[in-house]
Amino acid sequence: MGDDALTQAVHDRFVAVNGEHPMTAADDAYVREHFVPATDEAMALMLEDRLPLPSYVLGDGTAMVPAAHGRLADIAGGVDRLHDWFVAFWEGDLETGQQEWARYLSGQHVALREVTPTRIKQAAERVAEAAAAVDLLRRDPHDPLGRGMLGEAVDGVIAVSGLDSLLLPMTGYDRLRFGGPTLREQWVDAPRAAFLTPGPPDWPLRTERLVLRPHEPADADAFVDAWASEEWTSMLLSRPMNRAEVQEMVRRRTEPGDGTFVGLVVVTHAGDVVGDSMLHLQGTGLTEGEIGWTILPQHAGRGFATEAARAVLRLGFEHYGLRRIVANLDARNDRSAALCERLGMRREVHRVGDFWSKGTWTSSYEYALLAEEWRAGAPD
Ligand SMILES: CC(C)(COP(=O)(O)OP(=O)(O)OC[C@H]1O[C@@H](n2cnc3c(N)ncnc32)[C@H](O)[C@@H]1OP(=O)(O)O)[C@@H](O)C(=O)NCCC(=O)NCCS
């Protein structure tokens with residue numbers, strides 16, 4: 001078969017599978033970025049159903065395949081062994097293996113960054129997990145199982161790849177041929193926006209003596225003297241800061257971020273700034289928060305840190321649906337450890353000599369509190 005006839009025959013097979021849809025210049029550019037032209041040898045094997053059909057055909061008729069298109073056959077020990085090697089990944093379920101082989105041969109795995117049986121299986125498992133998670137979270141957006149499952153499905157956990165790393169963005173052409181949103185839009189972007197994007201609470205938070213609200217640029221003034229003090233900053237991660245640095249820190253906290261860092265300024269009902277606090281949302285499905293606090297020296301010893309921290313714990317558990325809140329501190333920070341104990345947090349970790357801080361090796365503590373423990377002990 002001549003080159004043109006070969007290209008035409010592959011194009012016809014491609015259209016038979018995918019339908020006739022226009023490829024725009026943007027689609028072509030996307031495909032050139034992520035795929036490579038098929039060789040004549042590969043195209044001949046496609047027509048014999050021995051290698052997968054193209055992932056795309058460009059506007060000019062060039063058949064495009066993943067860069068590793070022929071490599072699986074090499075790994076399998078030759079193109080004749082590819083089928084048996086491929087279906088063995090569905091050991092014990094030959095029917096699914098054959099269906100997957102048919103999908104693979106038809107070039108439909110265009111969503112995957114890497115088209116291998118392992119990745120095909122992982123993506124299918126993660127999509128099923130995301131679908132089950134979305135079902136749970138539609139009923140209760142804080143459902144801890146749903147959040148864990150969705151976190152794993154979208155972002156992965158240690159040794160398990162999530163869809164965000166498995167999937168390519170895809171292109172407008174794919175929306176036409178698959179008749180809907182891309183896999184990434186459906187299983188990464190949409191569930192992340194709906195269930196893994198923290199929204200702000202109704203500010204401000206109020207307690208008996210305090211108001212907690214987001215930072216304003218003018219708050220910097222209140223913190224300048226404390227941040228200049230070697231003593232006050234000695235147990236914090238940061239080093240002392242001058243006025244301009246404090247202003248910059250406060251300014252950055254006024255910028256809208258992705259919602260995972262919640263900075264709070266603590267003021268009295270009379271409007272005096274007495275300290276600040278933060279809650280950093282993290283972990284699988286954003287279900288863990290790290291809490292932090294400071295009280296200005298002139299306001300210490302009056303229970304303001306305790307009162308503010310209780311409000312932040314409530315915010316974490318009730319508004320953000322956290323299942324666990326932790327505090328990490330320098331083990332020499334007796335006042336912070338005492339605060340954790342007052343809050344009913346459990347000292348779970350004492351890391352000995354793990355942490356380099358301001359010229360010395362020191363130890364650290366991690367305290368934690370689970371949502372159910374907080375509910376059992378929380379004041380009404
Ligand atoms: C850690 C820090 C926030 C703790 O502040 P704190 O003043 O000890 O804590 P509180 O505001 O809750 O005050 C508790 C004290 O007030 C007393 N108190 C008075 N009225 C109170 C009330 N209504 N409710 C509770 N406690 C009250 C408590 O008995 C306690 O006194 P004690 O320390 O003698 O036992 C503060 O030391 C600090 O900002 N340090 C520098 C920055 C820092 O290290 N941050 C933490 C990094 S991990």
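What you are looking at is a predicted structure, and each value in this text was computed from that prediction instead of being measured. We count residues from 1, following the sequence as given. Just follow the structure's listing: the first ligand is 1, and inside any ligand the first atom is 1.
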In the protein, which heavy atom is nearest to atom 6 (P) of ligand 1, and how far is it? Arg335 NH2, 3.8 Å
Give yes or no for whether the N/O distance cutoff of 3.5 Å, strictly under, is met between Arg342 and ligand 1. yes
Report yes if the side chains of Glu95 and Asp93 come closer than 4.5 Å at any heavy-atom pair, otherwise no. yes
Heavy-atom nearest neighbour in the protein, as seen from atom 24 (N) of ligand 1, with distance rounded to 0.1 Å: Gly303 CA, 3.7 Å
Identity and separation of the nearest protein heavy atom to atom 23 (N) of ligand 1: Arg209 NH2, 3.6 Å
Under a 4.0 Å threshold between the charged nitrogen and the carboxylate oxygen, would Glu307 count as salt-bridged to Arg209? yes
Any heavy-atom pair between the side chains of Thr254 and Glu216 that's under 4.5 Å? no
Walk me through it: do Gln8 and Asp4 pass the test side-chain hydrogen bond (donor to acceptor under 3.5 Å, both in side chains)? CA-CA 6 Å; Gln8 187 59 48; Asp4 285 353; over 6 Å; no
Looking at Val57, Leu176, Val31, which one forms a side chain to side chain contact (heavy atoms under 4.5 Å, CB included) with Met23? Val31
Using a heavy-atom cut-off of under 4.0 Å, does the side chain or the backbone of Thr233 touch ligand 1, or both, or neither? neither
Kindly indicate whether the side chain of Thr62, heavy atoms from C-beta on, has any atom under 4.5 Å from the side chain of Tyr56. no
Name the closest protein heavy atom to atom 45 (N) of ligand 1, giving the residue it belongs to and the distance to 0.1 Å. Trp293 O, 3.0 Å
Asp49 and Arg13 ion-paired at < 4.0 Å: yes
Among all protein non-hydrogen atoms, which one is nearest to atom 12 (O) of ligand 1, and what is the separation to 0.1 Å? Thr306 OG1, 2.4 Å
Would Asn328 count as being in polar contact with ligand 1, using the rule that some N or O on each side must be under 3.5 angstrom apart? no
Is it true that Arg324 and Glu348 make a salt bridge, defined as a side-chain N closer than 4.0 Å to a carboxylate O? yes
Nearest non-hydrogen contact to atom 41 (C) of ligand 1 from the set Trp232, Trp227, Phe304 belongs to Trp232
Please determine if His299 has a nitrogen or oxygen closer than 3.5 Å to a nitrogen or oxygen of ligand 1. no
Hey, which atoms in ligand 1 end up nearer than 4.0 Å to a heavy atom of Asn333? 43 (C), 44 (O), 46 (C), 47 (C), 48 (S)
At less than 4.0 angstrom from any non-hydrogen atom of Leu329, what atoms of ligand 1 do you find? 48 (S)
Judging by distance only, is a nitrogen or oxygen of Met235 under 3.5 angstrom from one on ligand 1? no
Contact between Lys358 and Ser234 at the side-chain level, heavy atoms closer than 4.5 Å - yes or no? no
Any idea which protein heavy atom is nearest atom 21 (C) of ligand 1, and the distance to it? Arg302 O, 3.2 Å
Tell me which protein heavy atom sits closest to atom 48 (S) of ligand 1, plus the residue, atom name and distance to 0.1 Å. Ser336 OG, 3.3 Å
Any nitrogen or oxygen of Ala300, side chain or backbone, less than 3.5 Å from one on ligand 1? no
Carboxylate-amine/guanidinium proximity below 4.0 Å for Arg175 and Glu185: yes
Protein contact to atom 28 (C) of ligand 1 [nearest heavy atom, distance to 0.1 Å]: Gly301 O, 4.7 Å
Heavy-atom protein contact below 4.0 Å for atom 18 (N) of ligand 1: yes
Tyr365 vs His350 aromatic rings, parallel, tilted or perpendicular, using cut-offs 30° and 60°? perpendicular
Is it the case that ligand 1 has an N or O less than 3.5 angstrom from some N or O of Ala305? yes
Under 4.0 Å and counting heavy atoms only, is there anything from the protein next to atom 3 (C) of ligand 1? yes
Does atom 9 (O) of ligand 1 have any protein heavy atom closer than 4.0 Å? yes
Can Glu129 and Arg126 be counted as an ion pair, charged N to O under 4.0 angstrom? yes
State plainly whether the residues Glu248 and Arg251 are in salt-bridge range, i.e. N to O under 4.0 Å. yes
